[in-house]
Amino acid sequence: MSQRRIQPHYPTPGPAFSYEVSEENGQVLVHLDSGTVALDVAQGDGSAGWCRPAGGLLLPFAYAWVGNDLHLWLDGDLFIFQPAEQRSRRRVDASAAGGNIASPVPGKISKVLVQVGDTVEADQAVIILESMKMEHLLKANGAGTVVRVLVEEGQQVDRSGLLVEMSMGS
Amino acid sequence: MSQRRIQPHYPTPGPAFSYEVSEENGQVLVHLDSGTVALDVAQGDGSAGWCRPAGGLLLPFAYAWVGNDLHLWLDGDLFIFQPAEQRSRRRVDASAAGGNIASPVPGKISKVLVQVGDTVEADQAVIILESMKMEHLLKANGAGTVVRVLVEEGQQVDRSGLLVEMSMGS
Amino acid sequence: MFSRVLIANRGEIAVRIQQTLQAMGIATVAVYADPDISAPHVAMANAAYPLHGDSAKDTYLNVGELLEVARESGAEAVHPGYGFLSESPAFARACAAAGLVFIGPTPDSMEALGDKVRSKEIAALAGVPTVPSSAVLDGVGADAQGFVEQWGFPLLVKAAAGGGGRGMRLVDGPDQLAQALESASREAQAAFGDGRVFLERYLQHPRHIEFQILADGRGHVIHLLERECSIQRRHQKLIEETPSPAMSPDLRRRMGEAAVALAKAAGYVNAGTAEFLLDPDTEEFYFLEVNARLQVEHPVTEAILGMDIVAWQARIAAGEALDIAQEDVRSLGHAIECRIYAEDPYSGFLPSTGRLLRWRPPTGPGLRLDSGVDEGYDVSSHYDALLAKLVAWGPDREASLKRMEGALRRFPVLGLVTNVPFLRRVVTHSGFTTGAYNTAFLDDNPDLLQAPQITEKDEVARSLGAWATANRTSTAARSPSLAPVDDGSPWRQAGPRRLP
Amino acid sequence: MFSRVLIANRGEIAVRIQQTLQAMGIATVAVYADPDISAPHVAMANAAYPLHGDSAKDTYLNVGELLEVARESGAEAVHPGYGFLSESPAFARACAAAGLVFIGPTPDSMEALGDKVRSKEIAALAGVPTVPSSAVLDGVGADAQGFVEQWGFPLLVKAAAGGGGRGMRLVDGPDQLAQALESASREAQAAFGDGRVFLERYLQHPRHIEFQILADGRGHVIHLLERECSIQRRHQKLIEETPSPAMSPDLRRRMGEAAVALAKAAGYVNAGTAEFLLDPDTEEFYFLEVNARLQVEHPVTEAILGMDIVAWQARIAAGEALDIAQEDVRSLGHAIECRIYAEDPYSGFLPSTGRLLRWRPPTGPGLRLDSGVDEGYDVSSHYDALLAKLVAWGPDREASLKRMEGALRRFPVLGLVTNVPFLRRVVTHSGFTTGAYNTAFLDDNPDLLQAPQITEKDEVARSLGAWATANRTSTAARSPSLAPVDDGSPWRQAGPRRLP
């Protein structure tokens with residue numbers, strides 16, 4: 001198995017890590033940067049089962065792919081991993097770059113609270129987005145200036161759609 | 001859509017029938033030997049949803065393929081269909097031919113009640129099969145003579161495995 | 001209370017027991033044979049140990065391995081569930097010898113009630129009527145005249161040493177008696193190595209009624225009302241309900257008192273069930289046997305009492321007193337249980353195997369499902385065909401039956417044949433809804449064992465079957481768990497959005 | 001009783017209402033907007049009609065279309081659920097004008113209780129304490145001195161004409177008052193076109209307690225005990241339980257009597273809920289508002305009483321008498337409800353959308369799930385993020401909380417982010433399990449809004465994530481619904497069968 005990298009995304013985003021996976025005496029050995037984890041893994045219908053770290057408790061799991069993201073349910077908790085490659089690609093994507101404001105979910109623009117040329121402070125509300133019958137404040141990541149407003153009130157937006165372009169730095 | 005044939009297998013085996021399927025004004029039209037059925041069909045995740053025959057009640061459904069058999073759940077009832085071709089192929093299969101006794105389920109032979117050369121009557125018990133912790137009597141389809149016994153007591157058998165070869169006719 | 005308990009069982013009952021124990025803060029230890037490695041009862045356990053071997057004898061019945069797992073896992077007690085070793089006095093004794101608490105009755109009371117002759121003696125001692133029977137006859141040609149003169153025909157010839165229908169003959173008149181005695185004795189000799197038989201009065205259309213018992217180790221015994229279990233196939237229960245439609249308050253009081261007297265006479269401890277046959281016309285009842293363990297159908301009792309019988313089993317086994325008085329046992333509403341089997345009612349209840357490609361249990365008010373399987377589970381021929389138990393509670397019998405009907409209708413199962421559609425036919429059958437049924441229900445209603453007649457629904461099914469087959473290629477590409485999520489199109493349809 | 005009822009709603013409540021109506025033998029008529037065409041509330045209906053349009057206003061709020069569907073389907077009554085048109089006197093009047101029974105309160109009582117000033121007047125009439133408030137002040141600079149002298153600080157400035165937190169200001173001391181009045185009035189003017197404000201005493205750490213009311217059309221009114229709803233996020237309830245840990249028998253009696261008095265004073269009919277704020281230290285309580293409809297959290301009441309509130313709604317609407325006396329309302333055990341939302345608690349409860357690739361609700365003793373979704377369902381941004389409600393009943397609070405914990409742990413959801421893991425953290429948090437919590441619970445425990453700290457489990461998750469990624473290609477070929485059943489191998493494993 002060739003060495004690859006994935007990156008924890010949820011619940012806590014974390015640094016990408018390398019892994020290698022092998023099998024020995026029926027155990028799964030996962031070699032991480034921090035050391036090797038030995039797991040018993042029993043898989044039922046192809047995407048669910050239970051695992052047991054050496055000396056630990058039995059933990060049920062299930063997983064599914066959402067695009068290239070791995071959603072892993074483990075004993076009551078959800079973990080999401082992304083390929084490290086995809087993650088770095090996203091970083092340079094306009095919609096997520098710098099202090100630009102993108103829509104975290106599909107929804108409707110209730111209110112645009114800034115105009116081009118406005119200077120905003122960190123955590124200042126920029127957009128009110130309505131999704132699932134609730135209003136959500138979208139805030140500036142840091143201090144900066146509004147370069148472009150790409151949406152108007154009442155407009156429907158997709159997930160990850162760029163809403164406001166910012167030039168960062170006060 | 002080219003004309004094809006399927007055959008009801010469960011709960012009531014029935015004769016094969018031809019069908020053609022077309023769509024018109026968003027309705028599914030199924031042309032059967034007996035006439036045309038117009039259905040509204042709303043499908044959710046690809047294998048479940050609801051349908052409504054013209055003028056009839058709404059009926060939820062779900063389906064799955066078990067090999068080439070179609071398992072269809074419709075408003076609380078299970079229907080199984082087989083391709084008409086496969087069905088006729090099966091008919092000439094040794095394990096299902098004439099009065100031969102095949103195992104309807106995987107299990108263990110508890111008792112062989114006949115010997116080669118025995119004449120048996122219709123409905124006479126020939127084999128006791130144990131499956132799922134219960135004993136099941138396998139009976140002769142009609143009167144005939146035992147030609148070959150292919151299993152012995154204690155032996156595990158698969159579904160459709162040929163157990164006793166018969167020569168039919170009294 | 002125990003901190004860790006081994007569940008020496010599998011399937012739905014191993015799941016159900018763990019649910020209660022874990023809710024009591026008790027860690028659970030599961031065991032599994034190979035085919036069960038990813039079964040729900042294993043995945044939910046706090047620890048799980050494999051049992052090695054191909055047969056139940058080597059695995060779930062293997063006392064030595066089970067005790068070894070208990071020792072290695074640090075379990076302080078063992079819950080045997082039902083079936084397997086649950087009624088084995090030898091296993092209960094082996095647990096005690098290994099320093100483990102057996103969550104169930106004492107070996108002695110288990111033994112006393114498991115023996116046909118002794119249990120009838122205990123019943124007589126307790127003043128509980130039993131089905132009239134003769135003394136044990138010494139084989140062929142024995143003189144049965146006294147019994148026949150007293151009770152007449154029909155009667156049953158039964159093997160003294162065993163059960164399960166072997167060595168049993170129904171005798172309708174005097175001319176059949178000699179041959180029946182001879183034949184039953186021969187079969188009993190072959191089956192049990194013991195040709196002794198006896199005669200028993202044959203009740204033609206009895207109801208099967210049982211009373212749940214709870215007894216602590218301090219002499220306090222109560223009953224938790226009755227369960228009606230007359231809907232059976234192949235002498236196995238299929239549908240249970242409580243209260244029984246046949247029960248009057250006075251009859252309930254008398255039968256309940258009999259059950260308690262029996263348990264007291266046997267020195268019984270923990271949960272158990274006294275089974276009776278009831279003649280609904282005369283309200284005469286007869287003791288049949290005691291099931292010295294948790295029963296499959298215990299949830300209907302829990303549903304009308306708001307009690308947790310498994311929690312009480314653990315508490316009693318841990319030495320706690322049963323602090324409920326008989327007069328505090330008050331029920332609310334009505335509950336019915338349907339046993340979901342992997343079997344085909346239209347082929348003599350032949351079992352069915354395969355992968356559960358779809359298993360979507362209904363949920364909602366008044367419903368409970370105790371299940372040993374999940375979607376994707378492979379139902380194999382290795383074990384019992386009982387997949388799950390569906391329980392519906394309602395404020396009255398009509399409401400609980402209606403809820404059950406709706407729940408069975410909203411329970412899609414694909415991949416193998418189950419009795420779910422058949423159960424719906426039974427609970428909506430007039431012979432059942434009126435409540436005037438007995439253990440001969442399926443014999444008296446052979447129409448239920450035939451696949452339903454052609455209906456309008458069949459034509460819709462044929463049409464949908466044709467449609468699905470025609471679409472198969474495109475459909476196969478749309479596996480819900482693999483297809484990329486199509487954000488733009490939250491639904492797919494081939495039908496119109498306008499009113500028809 | 002009605003033979004056919006239109007449910008003018010969607011989601012879990014439209015499912016739950018139909019379950020009861022169908023169990024009463026009543027045919028149900030569902031409506032659906034485009035994204036809901038294959039939703040569970042449609043698939044289970046006896047008939048379903050599309051509503052045309054892109055917004056809720058054009059569909060589930062479209063009185064004209066709904067009445068047209070009622071007419072065309074032959075429905076005799078309409079159940080509005082909660083939300084949408086459930087509290088619209090205009091809709092209730094339109095139903096009546098169209099000859100349809102509206103299953104809910106009369107339009108007049110709905111109107112009286114929906115108005116802030118009138119509902120406080122009714123409460124005063126009924127002798128029910130309200131949160132002390134001033135008269136309406138006429139905008140900026142109004143003299144608030146009298147109220148301040150009587151009640152002191154902190155206090156709330158509130159808009160007279162609207163709610164939802166707009167035109168609301170918390171004032172800690174006299175120096176902030178003038179500015180708060182000005183700012184609140186300006187905001188209220190902008191939001192509601194009405195700048196009038198008033199002052200209200202601010203309860204710092206109240207508990208939110210409500211009483212379920214049932215009233216028939218013949219003047220008989222009872223309450224069905226309380227529900228504790230203090231665990232909230234964004235002023236919306238998240239977890240409800242009954243009995244309330246804060247309740248003494250005397251307080252329960254007093255609050256219940258207040259709720260009944262209020263309902264009687266308003267001439268209320270059908271099911272409704274009186275909401276109160278409670279100061280747990282002083283046991284002082286204050287009327288907040290009446291929700292003149294079925295509430296999301298009604299199942300906890302059903303669980304401890306063994307009653308079906310929706311069935312009673314239908315019966316009362318059909319003119320039946322409420323044949324339950326107040327003293328016959330006796331509860332058994334404890335119940336808790338968790339609302340399952342498609343939202344991320346660690347990102348300010350931002351909603352989450354996507355297809356439910358896995359949705360396997362837990363089942364077993366004491367559990368109930370009211371769900372509007374199923375595996376494979378696309379959760380879109382069009383509607384409320386409430387997917388389902390999980391209810392656990394137990395003989396006591398500890399048991400029901402433990403059952404809830406276990407059920408949340410055994411509830412795999414994949415494909416989008418839900419609050420299921422977060423709910424488990426709350427129900428096991430010492431601030432919750434002790435019962436000594438109030439509406440500031442999440443503010444007082446900000447640790448809960450942070451993703452859990454790195455634990456040993458995280459390393460297992462990283463390892464499994466690596467393993468699943470490495471296996472992706474081979475795994476993708478094994479879709480459970482498409483892979484041929486492999487009879488010979490009932491399970492797959494990559495682990496040992498020997499003890500570790």
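What you see below is based on every heavy atom in this structure, not just the backbone, and it leaves out hydrogens, waters and symmetry mates. In what follows, chains are A, B, ... by sequence order, proteins preceding strands, each numbered from 1.
- The side-chain contact (heavy atoms from CB on, under 4.5 Å) with C:Val296 is formed by just one residue from the set C:Ile13, C:Leu386, C:Asp384; it is C:Leu386.
- Interface remark: B:Leu57 contributes no atoms to any contact with chain C (heavy atom separation under 4.5 Å).
- Chosen from B:Asp77, B:Val105, B:Thr12, the residue pairing most often with chain C at heavy-atom distances under 4.5 Å is B:Asp77.
- At a 4.5 Å heavy-atom cutoff, the contact between B:Leu78 and chain C is made by backbone and side-chain atoms alike.
- Counting heavy atoms from C-beta on, the side chains of C:Arg410 and C:Pro361 never come closer than 4.5 Å.
- Closest of all the heavy-atom pairs between B:Ser110 and B:Glu130 is OG-CB, 3.3 Å.
- Contact count versus chain C (heavy atoms, under 4.5 Å) is highest, among B:Phe17, B:Tyr10, B:Trp73, B:Phe61, for B:Trp73.
- The nearest pair of heavy atoms linking C:Ala33 to C:Tyr60 is N-OH, 3.1 Å.
- Relative orientation of the B:Phe79 and B:Phe81 rings is parallel, given thresholds of 30° and 60° on the angle between their planes.
- When all heavy atoms of C:Leu464 and B:Cys51 are compared, the closest pair comes out as CD1-SG, 3.7 Å.
- Within the 4.5 angstrom heavy-atom criterion, only side-chain atoms of B:Leu70, from C-beta onward, approach chain C.
- Within the 4.5 angstrom heavy-atom criterion, only backbone atoms of C:Phe349 (N, CA, C, O) approach chain B.
- Contacts of C:Arg425 with chain B are absent, with no heavy-atom separation under 4.5 Å from either backbone or side chain.
- Taking all atoms of both residues into account, the shortest heavy-atom contact from B:Leu72 to C:Gly465 is CD2-N, 4.1 Å.
- Contact count versus chain B (heavy atoms, under 4.5 Å) is highest, among C:Leu416, C:Val379, C:Asp344, C:Val413, for C:Asp344.
- With a threshold of 4.5 angstrom between heavy atoms, C:Ala342 approaches chain B through its backbone and through its side chain.
- Contact tally against chain C (heavy-atom pairs below 4.5 Å) for B:Asp75, B:Leu59, B:Leu29: the top residue is B:Asp75.
- In this structure, C:Arg462 forms no cation-pi arrangement with B:Tyr19, as its terminal cationic atom is not both closer than 6.0 Å to the ring centre and no more than 45° off the ring axis.
- Residue C:Gln450 does not touch chain B at all, counting heavy-atom pairs closer than 4.5 Å.
- For C:Ser347, no part lies near chain B; criterion is any non-hydrogen pair under 4.5 Å.
- Annotation: maximal heavy-atom pairing with chain B below 4.5 Å, among C:Arg358, C:Glu456, C:Arg409, C:Arg424, occurs at C:Arg409.
- Pairing each heavy atom of B:Asn141 with each of B:Ala122, the nearest pair is O-CB, 4.2 Å.
- Contact of C:Val417 with chain B is made through backbone and side chain together, with heavy-atom distances under 4.5 Å.
- In terms of heavy-atom pairs under 4.5 angstrom with chain B, the leader among C:Ala451, C:Ser352, C:Ala461 is C:Ala461.
- By the 6.0 Å and 45° rule, C:Arg233 stacks over the aromatic ring of C:Tyr341.
- Contacts between B:Ile6 and chain C at a heavy-atom distance below 4.5 Å involve the side chain alone, from C-beta outward.
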> Hey, mind stepping through C:Phe411 and C:Trp359 against ring pair (Phe, Tyr, Trp, His ring centres under 6.0 Å) and telling me if it holds?
Replying inline: CA-CA 7 Å; C:Phe411 194 165; C:Trp359 172 264; 4.8 Å; yes

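- Contact record, C:Pro362 with C:Ala407: CG-O, 3.3 Å, taken as the closest heavy-atom pair.
- With a 4.5 Å cut-off on non-hydrogen atoms, B:Pro53 touches chain C through its side chain but not through its backbone.
- Neither the backbone nor the side chain of B:Leu129 comes within contact range of chain C; no heavy atoms are under 4.5 Å apart.
- Residue with the most contacts toward chain B among C:Pro421, C:Pro351, C:Gly348: C:Pro351 (heavy-atom pairs, distance under 4.5 Å).
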